[in-house]
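Notes follow once the structure below has been shown.
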Amino acid sequence: MMNIVYAILVLGILGAIFGLVLAIASKVFEVKKDPREEEILSHLAGANCGGCGYPGCAGCAAAILNGEAPVTACAPAGAENAAAIAKIMGQEAPSGERQVAFVRCNGGTNAVHRYEYKGVHDCISATKVAAGPLDCTFGCLGFGSCVQACQFDAMHIGPNGSAVVDPDKCTNCMACATACPRHLIVSVPVSKKVHVACANQEKGKAAMSVCSNSCIGCGLCEKECKKDAIHVVNGVAVIDYDKCVGCKLCTKVCPRDAILPIATAEEKAKYKEIKKKQAEAAAAKKAAEAAPQA
């Protein structure tokens, strides 16, 4: 009986000693945590979407605190929370227009398919089979990897088979861009409505042969723009959003409907007629100026 009592006493004493050692060790080796980290975390979206490039919201908060990420790192949190985080960090509130994701492809069913893919319904998986079913190596595969990555219901596969973004729901977390194996998704200002929906860098016949909506680098949009806001870069038209005023003249002269919003046949015909009359008027004026005075 006494042996049992002694055993219990010994275990009790050892437990107390080990507990005391652990308590002292926890104090000696305690890692001081900056209280601002919890404050920053409270202003993040809490979705753990990974769009910021860090392992969850806690990782993002730590990166902001350490100066490794900007106060705007969590796009889903919005401008109000970014301003609150800036205040916590002793910085000025960030300014600038809200950005949203945009898919640089409007091919879909208009793109030429080399074969019918029957594998896993995923864009990355599709690219593993002979580089994907599309002849266009720049086009949207339409299997929805970006849709699955979006946690805000802002990404869908459109009627023509290409991914499209709902700007009202998009938080610009860019998780969709990370999921896209073709790197077709970019960030654009939400107020801008004119976009080049193509990333094909091939020119002329090569681009025409793979998609009826492909940009062929013809440069008509560049010549027509009065604000110097669109240029052909690496074979494809690119918009300078700082200069673009949304006049949509580029959409009316694009022969491939590669620039959104796509102009209707009536709009194109009307604009063509306006251009014709302007040319005739200019020719008449020039002729009048060149005629000898009576």
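One is the number of the first residue; the rest follow in order along the sequence.
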Membership question, hydrophobic clusters at under 4.5 Å side-chain separation (ILVMFWY): are [Y] and [X] in the same one?
X      : Y      : result
Val120 : Phe143 : yes
Ile239 : Val190 : yes
Ile157 : Met155 : yes
Val196 : Val186 : yes
Val236 : Phe138 : no

Under a 3.5 Å distance rule, please check whether [X] uses its side chain to pair with a backbone N or O of [Y] as donor and acceptor.
X      : Y      : result
Ser162 : Cys140 : no
Asn66  : Glu68  : no
Gln99  : Asn172 : no
Asn213 : Asn106 : yes
Arg114 : Gly132 : yes
Glu37  : Asp34  : no
Asn81  : Ala45  : no

Value rounded to 0.5 Å, distance of [atom1] in [X] from [atom2] in [Y]:
X      : Y      : atom1 : atom2 : answer
Lys272 : Glu267 : NZ    : CD    : 15.5 Å
Asp242 : Lys227 : CG    : NZ    : 14.0 Å
Glu202 : Ile216 : CD    : CD1   : 12.5 Å
Ile230 : Tyr241 : CD1   : OH    : 9.0 Å
Cys74  : Tyr54  : SG    : OH    : 12.5 Å
Ile64  : Met89  : CD1   : CE    : 8.0 Å

Are the side chains of [X] and [Y] in touch, meaning some heavy atoms are under 4.5 Å apart?
X      : Y      : result
His231 : Asp240 : no
Ser209 : Val112 : no
Val233 : Gln201 : no
Cys176 : Phe152 : no
Ser187 : Met174 : yes
Leu141 : Leu134 : yes
Ile85  : Leu44  : yes

Count the heavy atoms belonging to other residues, nucleotides or ligands that lie under 6.0 Å from [atom1] of [X], then report whether that count exceeds 12.
X      : atom1 : value
Glu92  : CD    : no
Glu280 : CD    : yes
Lys193 : NZ    : yes
Lys203 : NZ    : no
Lys118 : NZ    : no
Tyr115 : OH    : yes

Notebook entry, point to check: Applying the side-chain contact (heavy atoms from CB on, under 4.5 Å) test to Cys146, which of Val165, Val103, Thr178, Ile185 qualifies?
Noted result: Ile185

Notebook entry, point to check: Under 3.5 Å, is there a donor-acceptor pair between the Asp122 and Ser145 side chains?
Noted result: yes

Do any side-chain atoms of residues 245-263 form donor-acceptor pairs under 3.5 angstrom with protein atoms, and if so which ones, sequence neighbours left out?
| residue | atom | partner | partner atom | Å |
| --- | --- | --- | --- | --- |
| Thr251 | OG1 | Lys248 | O | 2.6 |
| Arg256 | NE | Ser214 | O | 3.1 |
| Arg256 | NH2 | Cys211 | O | 2.5 |
| Arg256 | NH2 | Ser214 | OG | 3.3 |
| Asp257 | OD1 | Lys268 | NZ | 2.7 |

Item checked: Partners passing side chain to side chain donor-acceptor pair (under 3.5 Å) against Glu224 (at least two apart in sequence or in another chain) -> Tyr271, Lys275

Next item on the list: For Asp153, check side chain to side chain donor-acceptor pair (under 3.5 Å) against everything at least two apart and list the hits.
Entry: His156, Lys169

Please find the pair of heavy atoms, one from [X] and one from [Y], that lie closest to each other, and give the distance.
X      : Y      : value
Val100 : Pro167 : CG1-O, 3.8 Å
Ala199 : Leu184 : CB-CD2, 3.6 Å
Cys170 : Ala101 : SG-N, 3.3 Å
Cys215 : Gly235 : SG-O, 4.2 Å

Note to self: Before you tell me yes or no, could you show the steps for Gln151 and Asn48 under side chain to side chain contact (heavy atoms under 4.5 Å, CB included), namely the whole-Å CA-CA distance, both residues' side-chain angles and the distance that decides it to 0.1 Å?
What the structure shows: CA-CA 10 Å; Gln151 297 191 32; Asn48 292 310; 5.9 Å; no

Notebook entry, point to check: Going through the checks in order, is the side chain to side chain contact (heavy atoms under 4.5 Å, CB included) test met by Leu41 and Cys57?
Noted result: CA-CA 7 Å; Leu41 186 59; Cys57 292; 3.7 Å; yes

